[in-house]
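Below is one structure; the comments refer to it alone.
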Amino acid sequence: MFGFFGCGGARYRVDYCGMKSAFPGAKDAYRAGELVTLDFPYIATDTDYRFYLDGEPLNTDYEHKRGFILRFTMPAHDVVLTVESRNSMLSPDAQAAP
């Protein structure tokens with residue numbers, strides 16, 4: 001007997017925290033076990049960026065034409081991808097100003 005389970009396996013969603021458009025070609029969902037590769041090309045030269053997947057730091061590569069390159073294997077559950085940015089050109093005193 002054949003079941004109706006689909007051909008590609010279960011797909012799980014990525015919550016980009018409102019920043020999906022910052023990752024050209026990003027999809028809403030990926031199959032568990034799939035290698036996900038995302039580019040983050042919109043980079044300000046005076047800003048430091050950190051990327052997190054489900055709250056854990058995500059290592060990145062960098063290429064001049066692509067920007068930051070994020071790679072991870074999609075787990076068998078929905079995930080949250082967050083981006084933190086911090087202006088690195090401001091002095092500590094300027095950042096603490098009211």
Side-chain angles (χ1 to χ4, degrees):
M1 174 137 190
F2 294 98
F4 296 99
F5 296 106
C7 292
R11 297 175 65 86
Y12 296 94
R13 297 187 61 77
V14 178
D15 178 352
Y16 296 93
C17 298
M19 294 191 63
K20 182 181 176 197
S21 64
F23 299 95
K27 299 177 185 176
D28 290 330
Y30 297 89
R31 284 185 217 81
E34 182 176 352
L35 177 62
V36 178
T37 301
L38 300 168
D39 294 351
F40 185 83
Y42 309 107
I43 300 168
T45 57
D46 61 349
T47 304
D48 294 330
Y49 296 90
R50 292 192 177 142
F51 302 89
Y52 298 89
L53 187 68
D54 285 343
E56 296 294 321
L58 191 58
N59 291 327
T60 60
D61 291 318
Y62 182 84
E63 289 181 16
H64 179 70
K65 291 186 178 187
R66 293 175 64 184
F68 288 105
I69 304 165
L70 294 70
R71 292 182 182 92
F72 61 91
T73 301
M74 188 67 185
H77 60 82
D78 294 343
V79 296
V80 176
L81 179 64
T82 54
V83 179
E84 286 186 2
S85 60
R86 181 178 145 310
N87 186 317
S88 57
M89 296 300 285
L90 294 176
S91 69
D93 294 335
Q95 291 178 352

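To the nearest 0.5 Å, the span separating CG on Asp39 from CZ on Phe68 amounts to 12.0 Å. Atoms OG1 and OH, on Thr73 and Tyr30 in that order, are 13.0 Å from each other to the nearest 0.5 Å. The line from CD of Glu56 to OG1 of Thr82 is 10.5 Å long, rounded to the nearest 0.5 Å. The distance from the OH atom of Tyr16 to the CG atom of Leu81 is 7.0 Å, given to the nearest 0.5 Å.
Side-chain N or O atoms of Tyr49 include one that pairs as donor or acceptor with a backbone N or O of Ala44 at under 3.5 Å. A donor-acceptor contact shorter than 3.5 Å links the side chain of Asp54 to the backbone of Val80.
Using cut-offs of 30° and 60° on the angle between ring planes, the pair Phe23 and Phe40 is tilted.
Hydrophobic clustering (side-chain heavy atoms under 4.5 Å, transitive across Ile, Leu, Val, Met, Phe, Trp, Tyr) groups Tyr62 together with Val83. Cluster membership for Met19 and Leu38, using ILVMFWY side-chain heavy atoms within less than 4.5 angstrom, is shared. A single hydrophobic cluster is not seen to contain both Val14 and Ile69; linkage of ILVMFWY side chains at heavy-atom distances under 4.5 Å, directly or through other members, places them apart.
Salt-bridge annotation for Lys20 and Asp28: present, with a side-chain N of the basic residue lying under 4.0 Å from a carboxylate O of the acidic one.
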Please report the C-alpha distance between Leu53 and Leu70 in whole Å, then the side-chain angles of each, then the deciding distance to 0.1 Å, and finally whether the side-chain contact (heavy atoms from CB on, under 4.5 Å) criterion is met. CA-CA 10 Å; Leu53 187 68; Leu70 294 70; over 6 Å; no
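Residue Tyr12 comes nearest to Pro75 through the heavy atom pair CD1-O, 3.7 Å, listed as atom of the first residue, atom of the second, then distance. Minimum interatomic distance between Tyr52 and Glu84 (heavy atoms only, all atoms of both residues): CE1-CD, 3.6 Å. Listed here is the closest heavy atom pair of Ala22 and Pro41: O-CD, 3.6 Å. Counting all heavy atoms, side chain and backbone alike, Met74 lies closest to Arg13 at CE-O, 3.7 Å.
Dense packing is recorded around CZ of Arg71, with more than 12 heavy atoms of other residues, nucleotides or ligands lying under 6.0 Å away.
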